[in-house]
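Input: a single structure, listed below in structure tokens.
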2 protein chains.
Amino acid sequence: MAGLKQVQRQTGVALWRQIADRIREAISTGAYDETGMVPPETVLALQFGVNRHTVRSALAALAQEGIVRAVQGRGTLIERKERLNFPITRRTRFTAGIGDQAREMRGLLLDEAKEEASTEIAGWLGLKQGEQVIRLETLRHADRRPVSKATSWFPAERFAGIGEAYRRHESITKAFAELGLPDYVRATTEVTAAHASAADMADLELTPGAILLIAKAMNTDLEGVPVQYSISRFAADRVQFTIEN
Amino acid sequence: MAGLKQVQRQTGVALWRQIADRIREAISTGAYDETGMVPPETVLALQFGVNRHTVRSALAALAQEGIVRAVQGRGTLIERKERLNFPITRRTRFTAGIGDQAREMRGLLLDEAKEEASTEIAGWLGLKQGEQVIRLETLRHADRRPVSKATSWFPAERFAGIGEAYRRHESITKAFAELGLPDYVRATTEVTAAHASAADMADLELTPGAILLIAKAMNTDLEGVPVQYSISRFAADRVQFTIEN
DNA sequence: TTAAAATGTCTATTGATATAGACAACCATA
DNA sequence: TATGGTTGTCTATATCAATAGACATTTTAA
């Protein structure tokens, strides 16, 4: 494992949090796979150029996330290091995409509302501003760990009852099928990253300062008519996107 | 503009930094386009549920980044709000992709080295571990603002002298052309997000706590032989990726 | 010219963050 | 069973982050 560089003394983000982020990243890239343990606190303190107590705060945060477990006398064991891969293709589907990497997939409907399309949403869905759309707020789990939270909009007229269908099937694909749309394709995806809002942080069980990968996607039916626009927020330390060209 | 939610009181990331992130995001999505100004400090303090001094710290950080400029007696003006779009397709090229959105593009070669391929790099480039590869460390600017920093690996035998070629042309595409590879395609792209390291933070002129969009990409020639593997780090608040399917 | 609205500056206080040192408790193993 | 290496806990101190209040300075507009 290449030596982790010293952290920069800076303001706004606590040192222990920066160090926690570095260690989490090192774990997920397999830097400590040989031993299955994080280096001793004193070694980490030396590497990062900080006091041992600061390292302890970082490790405590990682333990809180369930990533490591400290055992007195032995060391700090790595509990979890996986990162789910989320392929983005023309046939992108959340459940199928993650499904082969996790045993149990769940989709929870947090909120449902019928509302007037904003300029932006109307543009994406090919509607006029003010036309009715259905908005779904969904939270998706893989093996009981929250992976992403999404806000989706659908043309209200065509997909009346999609909230109820999603609640039953826990899948957009199946909800579409029930409403007479057997197949659809991903038209465009925009990817950005940002800090998590308080609400997303709570739902995704993220710790302060966590990063979101944000995918704004538009799906169409096979004729190219928009059927869904969605903004999905993924916990950045739990997933990666893959784009195959 | 929809009311920004109150920030959560939490540890590890300073309140003023969270607020700075929110305001930056609001600016880049055009929330304040009507006035071209950020709301008054007292209003923001009320919206976020914090003291006015805390908001001032946030605005000071944004001013430091050149995003806003405070004028006593008038208010806080928005200076910059653009976000560059970076399309990821089979024909992804940095210079051409960003080129039509910025007037001046520059590519700076920070470092060049010949080294033995690690297991990971060898795997991506279809080489044996330990075979020679050339590593380039490059920094790319759009209109004098640093946009991304990339580490690229090339098979050393086939692309001897690519560092010098890049230094002259400031473009991977042109360097490839000079070395007898007129065309190439993007095979796969993996996208993740993470906090910036100290070195990346300095080169990309980022402020503490900033987020990186990380694209790990493999390019091949038209026969499908790998010619480049690269890890590009983008300042997340300056770019977005677009995937067209 | 005046008043309102906005940013700039100062003092003071409290709690979180970071460093420092010392030692206890526990584990593996020689 | 003794020893070295490791995590756990405690005390102490200095600095940063956040709140609070008061007032100065500047701009805009009535």
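Proteins get letters first, then strands, A, B, ... in listed order; numbering begins at 1 in each.
Atom CD of Glu115(B) has more than 12 neighbouring heavy atoms from other residues, nucleotides or ligands inside a 6.0 Å radius. Other residues, nucleotides and ligands contribute more than 12 heavy atoms inside 6.0 Å of the CD atom of Gln132(A).
Residues satisfying the salt bridge (charged side-chain N to carboxylate O under 4.0 Å, His left out) test with Glu190(A), not counting sequence neighbours, are none. Looking at residues two or more places apart in sequence or on another chain, you find a ring-ring contact (aromatic ring centres under 6.0 Å, His included) between Tyr229(B) and Trp124(B). Residues passing the salt bridge (charged side-chain N to carboxylate O under 4.0 Å, His left out) test with Glu120(A), sequence neighbours excluded: none.
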Nucleotide N/O to protein N/O under 3.5 Å, stretch nucleotides 12-14 of chain C:
none

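In this structure, the CD atom of Gln18(A) is 20 Å from the P atom of dA16(C), given to the nearest Å. Protein atom CG of Leu46(B) is 13 Å distant from nucleotide atom P of dA6(C), rounded to whole Å. Remark: P of dT9(C) and CD of Glu41(B) are 11 Å apart, rounded to the nearest angstrom. Straight-line distance from the CG atom of Leu77(B) to the P atom of dT26(D): 18 Å, rounded to whole Å. Going from atom CH2 of Trp16(B) over to atom P of dA16(C) covers 19 Å, rounded to whole Å. Rounded to whole Å, the distance from CE on Met37(A) to P on dG5(D) is 15 Å. Arg17(B) has its CZ atom 17 Å from the C1' atom of dA16(C), to the nearest Å.
For DNA chain C, no neighbouring residue in residues 60-70 of chain A is found when judged by any heavy atom under 4.0 Å.
Phosphate proximity of dA6(C) to Thr76(B): absent, as no side-chain N or O sits under 4.0 Å from OP1 or OP2.
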Letter by letter from the 5' end, nucleotides 21-26 of chain C scores (B base, S sugar-phosphate only, - none; protein heavy atoms under 4.0 Å) B---BB

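Inspection of the Ser232(B) and Arg140(B) side chains reveals an N or O donor paired with an N or O acceptor under 3.5 Å. A side-chain N or O of Gln228(B) and one of Ser152(B) form a donor-acceptor pair less than 3.5 Å apart.
Ion pairing between a basic and an acidic side chain is recognised when a charged N comes within 4.0 Å of a carboxylate O; Arg135(B) and Glu112(B) show no such pairing. With salt bridges taken as basic N to acidic carboxylate O contacts below 4.0 Å, one links Arg24(A) and Glu65(A).
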Walk me through it: do Thr151(B) and Glu137(B) pass the test side chain to side chain donor-acceptor pair (under 3.5 Å)? CA-CA 5 Å; Thr151(B) 309; Glu137(B) 206 77 36; 2.5 Å; yes

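The side chain of Arg56(B) sits closest to dT7(C) out of dT7(C), dA18(D), dT6(D). Closest contact between the side chain of Leu15(B) and the listed nucleotides dT19(D), dA18(C), dT7(C) involves dT19(D).
Side-chain contact between Thr138(A) and Tyr166(A) is present, with heavy atoms from C-beta onward closer than 4.5 Å.
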